[in-house]
Amino acid sequence: MGDRRLTPLPREFFDRPACEVAPDLLGRIIAHGPVAVRLTETEAYGKPGEDPASHSFRGRTHRNSVMFGPPGHLYIYFTYGMHFCANLICLPEGIASGVLLRAGEVVSGVDVARYRRENDRPVPERDLARGPARLAVALGFAREHNGLDCCGEGIVRVLEGEPAMAIKGAIKAGPRTGVAAGAETPWRFWIDGDGTVSPYRPHVRRIRA
DNA sequence: CATGCGATGTTCT
DNA sequence: GAACATCGCATGG
């Protein structure tokens with residue numbers, strides 16, 4: 001991984017609201033085993049003003065309990081009957097907030113990520129982790145990773161990537177993808193012009209037959 | 001590029 | 001029973 005620092009981000013990094021942590025996470029690296037992804041798109045959920053889009057909005061349940069735990073841990077949830085998505089938990093124990101890891105560039109273990117992502121059709125390199133469910137697959141995240149600590153020398157680490165200063169001017173903010181409530185809040189952050197950022201999709205309500 | 005729809009199962013009401 | 005922090009494929013401009 002070149003001259004990138006391998007030091008995990010300190011837990012204090014996550015001891016802030018997700019809306020502050022999310023843009024600060026852009027350009028940084030999350031690594032799990034052989035695969036590492038440089039984050040290019042994130043979304044914040046929870047706290048400040050109580051966020052109706054957050055899984056934690058209606059209080060603690062079995063599914064969202066990790067969100068109420070200590071900062072710096074992984075919150076993995078299952079959705080749409082087939083996808084896992086990963087968040088990094090923010091704010092101290094008892095207060096729920098998290099950053100959804102929406103997209104990134106695979107900077108290590110491209111071969112492993114490709115093997116996990118490809119079924120029958122080939123996947124363009126920039127699409128390997130372009131979208132939250134795709135990113136989770138590329139990094140090998142599933143149910144069993146829920147609650148894992150990402151600070152320290154565990155199997156999942158969030159590393160310092162390129163200095164946030166270097167991309168500061170390129171960070172954009174806008175409405176969150178696919179959320180029904182609280183879509184106006186501009187808590188989606190991305191690196192402008194980066195090809196690994198996922199396409200924006202508004203929320204669509206649907207009824208099943 | 002934008003919009004639309006089906007797939008699939010878990011969680012919470 | 002409804003809703004869902006998505007994705008892949010299809011169609012239309």
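Computed from a prediction, not measured in an experiment: that's the story for all the values here. Because only heavy atoms are used, hydrogens play no part in the values below, and waters and symmetry mates are left out as well, while side chains stay in.
Closest to the A:H62 side chain, of the nucleotides B:dC12, C:dT6, C:dA5, is B:dC12. Side-chain proximity of A:R102 to C:dC4, B:dT10, C:dA5: nearest is C:dA5. Distance from the side chain of A:I207 is smallest for C:dA3 among the nucleotides C:dC7, C:dA3, C:dA5. Side chain of A:M82, nearest nucleotide from C:dA5, C:dC9, B:dA7: B:dA7. Checked against B:dG9, C:dC9, C:dC7, the side chain of A:F78 finds its nearest nucleotide in B:dG9.
Atom OH in A:Y200 sits roughly 14 Å away from atom P in C:dA5 (whole-Å rounding). One can place CZ of A:R58 at 12 Å from C1' of B:dT11, the figure rounded to the nearest angstrom.
A donor-acceptor pair under 3.5 Å is formed between the side chain of A:T42 and the backbone N or O of A:A22.
Under 4.0 angstrom from either OP1 or OP2 of C:dC7 there lies no side-chain N or O belonging to A:H83. Side-chain nitrogen and oxygen atoms of A:R117 include at least one within less than 4.0 Å of the OP1 or OP2 phosphate oxygen of C:dG8. Checking the phosphate oxygens (OP1, OP2) of C:dC4, a side-chain nitrogen or oxygen of A:H203 falls inside 4.0 Å.
Contacts of A:R176 with the nucleic acid, taken as non-hydrogen atoms under 4.0 Å apart, are absent. Across all strands, A:A133 comes closer than 4.0 Å only to sugar-phosphate atoms, never to a base (heavy-atom distances).
For the atom pair CD (A:E105) and CD1 (A:I29), the distance works out to 8.0 Å, reported to the nearest 0.5 Å.
Side-chain atoms of A:S198 and A:E41 form a donor-acceptor pair, as typed in the model, at a separation below 3.5 Å.
Residue A:R201 places a side-chain atom within donor-acceptor reach of the base of C:dG8, judged by atom type and a 3.5 Å distance cut-off alone. With hydrogens and angles left out, the side chain of A:R206 and the base of B:dG6 share a donor-acceptor pair within 3.5 Å. For A:Y77 against C:dA5, a side-chain-to-base donor-acceptor contact under 3.5 Å is present.
A:H55 pairs with exactly one of A:Y77, A:F78, A:Y45 by the ring-ring contact (aromatic ring centres under 6.0 Å, His included) rule, that one being A:Y77.
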